[in-house]
Amino acid sequence: MELQRAASVLATALVLTSILAGRVQSVGVCYGVHGDRLPKPAEVVQLYKSNGITAIGLYEPDVQTLLALNGSNIGVLIDMADANVPRLASGAAQADLWVQLNIKRYYPGVSFRYIAVGNELAGAATQSILPAIKNLNAALAKAGIKVSTAVKMDVLATSSPPSSAVFKDDYMKQIVALLGATGAPLLANVYPYFAYIGDQKDIDLNFALFQPSSKVIKDNGLSYTNLFDAMVDAVYAALRSAKVQVPLVISESGWPSAGGVGASVANARTYNQNLINHVGKGMPSRPQPLETYVFAMFNENRKTGAETEKHFGMFNPDKSPVYPIKF
């Protein structure tokens with residue numbers, strides 16, 4: 001009887017936390033850990049709080065970080081870690097265990113908003129997304145935490161003009177159909193920086209930085225004065241084309257401060273501050289606040305890939321700002 005009562009209290013707490021989180025529109029920051037001499041998780045949480053950052057994006061469950069978030073009232077978007085997706089897709093028991101170990105044991109102190117089933121999964125790995133979401137939904141039962149996946153812009157067959165966008169592959173249509181049924185948002189990583197460096201001939205730097213530009217996209221009676229809005233509205237258009245009612249959360253967006261074309265401290269500060277100031281106004285097609293997570297909290301010198309990947313942080317490992325920013 002006591003066990004049943006405790007389970008009932010836990011379920012109620014999960015639902016209430018989820019409802020409250022769903023009412024909050026905020027700008028969060030992604031917390032990557034692939035850097036040397038980064039602060040301890042408790043210091044990181046304090047840095048979030050002291051800067052007024054109300055949400056955090058985590059790329060895998062970490063005991064010390066989740067313990068540090070206890071009682072912080074910081075909303076949490078948590079990825080299960082890409083390597084775990086096939087395992088959780090394989091059966092309900094695996095999903096039940098993952099939820100017990102990584103979600104329920106931290107309630108009611110940690111305010112989980114969303115669980116991401118992978119971040120930008122591609123190729124054969126995409127076939128595990130849908131069953132993993134279903135298994136997690138079943139494991140969470142009445143908890144009310146929304147389960148989704150984080151995608152990048154190449155899930156669209158086209159994005160220009162924004163209203164023409166459709167999803168490229170059938171698996172995405174199946175995923176958003178499920179999200180429409182569960183009320184979960186689609187998580188999208190939107191980077192005007194990568195679009196800019198891929199097409200510098202046709203994309204004006206100021207247009208990518210939310211700065212005044214001669215570039216304006218006219219589409220179906222709407223005017224786009226910056227690239228971010230055009231990219232986000234392309235995702236909205238793809239959702240409309242799929243005939244689903246699915247909210248959108250921007251799970252990553254940012255600009256590097258060094259390491260490549262257009263990457264500078266000045267441009268990173270301009271983009272990220274303008275992004276923070278802008279998303280509360282919404283998009284041309286949906287003028288309502290858009291929950292957005294800036295990438296990232298710290299520079300990560302151990303990341304692989306292009307040199308710019310190491311320089312997306314707004315803070316140095318010693319917690320000093322790479323550039324001043326206001327949330």
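Note that the structure is a prediction, hence the values are computed from the model and not measured.
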Can a side-chain donor-acceptor contact be found between Tyr191 and Glu252 if the only test is distance below 3.5 angstrom?
yes

I'd like to know if the side chain of Ser241 reaches the main chain of Ala238, judged simply by a donor and an acceptor atom lying under 3.5 Å from each other, with no hydrogens or angles considered.
no

Under the 3.5 angstrom rule, does the side chain of Lys168 hit a backbone N or O of Asp154 as a donor-acceptor pair?
yes

Does any non-hydrogen side-chain atom of Leu47 lie less than 4.5 Å from one of Met297?
yes

same_hphob_cluster(Val166, Val246) at 4.5 Å side-chain heavy-atom cutoff
no

Does some side-chain heavy atom of Phe295 sit less than 4.5 Å from a side-chain heavy atom of Asn189?
no

With the side chain counted from C-beta on, respond yes when Glu300 and Glu309 share a heavy-atom pair under 4.5 Å apart, and no when they do not.
no

Are Tyr193 and Tyr271 near enough that their ring centres are under 6.0 Å apart?
no

Could you tell me whether Glu291 and Arg113 have a side-chain N and a carboxylate O separated by less than 4.0 Å?
yes

Report the relative orientation of the aromatic rings in Tyr31 and Tyr48; use parallel for angles under 30°, tilted for 30 to 60°, perpendicular for over 60°.
perpendicular

Let me see the working for Asn226 and Asn206 under side-chain hydrogen bond (donor to acceptor under 3.5 Å, both in side chains), right down to the final yes or no.
CA-CA 8 Å; Asn226 66 80; Asn206 283 340; over 6 Å; no

I'd like to know if the side chain of Thr292 and the backbone of Leu290 have a donor-acceptor N/O pair within less than 3.5 Å.
yes

Is the shortest heavy-atom distance from the side chain of Ile103 to the side chain of Ile145 under 4.5 Å?
yes

Can a donor-acceptor pair be found, under 3.5 Å and without considering hydrogens, that links the side chain of Asp318 to the backbone of Ser320?
yes

Joint hydrophobic cluster, Phe312 plus Val265, side-chain heavy atoms closer than 4.5 Å:
yes

Please confirm whether the backbone N or O of Lys281 pairs with a side-chain atom of Gln288, one donor and one acceptor, at under 3.5 Å?
no

Do side-chain atoms of Asn102 reach the backbone of Met80 as a donor and acceptor pair under 3.5 angstrom?
no

With a 4.5 Å limit on heavy-atom distance, are the side chains of Leu186 and Met172 in contact?
yes

Under 3.5 Å, is there a donor-acceptor pair between the Asp82 and Tyr59 side chains?
no

Contact summary for Asn73 and Ser111, nearest pair of heavy atoms
CA-OG, 4.2 Å

Less than 3.5 Å apart, any donor N or O on the side chain of Gln273 or Asn277 sitting next to an acceptor on the other?
yes

Is there side-chain contact between Ser251 and Leu77, with heavy atoms separated by less than 4.5 Å?
yes

Answer yes or no: are there more than 12 heavy-atom neighbours, outside Lys134 itself, under 6.0 Å from its atom NZ?
no

Has Ser26 got a side-chain atom pairing as donor or acceptor with Gly28's backbone, closer than 3.5 angstrom?
no

Spell out, as yes or no, whether a donor-acceptor pair under 3.5 Å connects the side chain of Arg105 to the backbone of Gln100.
no

Side chains of Asn135 and Gln94: donor-acceptor distance under 3.5 Å anywhere?
no

For Tyr106 and Asn70, test the side chains for any donor-to-acceptor distance below 3.5 angstrom and give the result as yes or no.
no

Near-ring test Phe207/Tyr196, centroid separation under 6.0 angstrom
no

Return yes if some donor-acceptor pair links the side-chain N/O of Asp219 with the main-chain N/O of Ser163 below 3.5 Å, else return no.
yes

With a 3.5 Å cut-off and no angle check, do the side chains of Asn301 and His311 form a donor-acceptor pair?
no

Could you check whether any side-chain heavy atom of Thr182 comes within less than 4.5 Å of a side-chain heavy atom of Lys146, counting everything from C-beta outward?
no

Got a donor-acceptor contact below 3.5 angstrom from the Thr225 side chain to the Val216 backbone?
no

Report yes if some heavy atom in the side chain of Trp255 is under 4.5 Å from a heavy atom in the side chain of Thr270; otherwise report no.
no

Given Asn267 and Leu205, is the side chain to side chain contact (heavy atoms under 4.5 Å, CB included) satisfied, shown in steps?
CA-CA 9 Å; Asn267 286 346; Leu205 178 59; 4.0 Å; yes

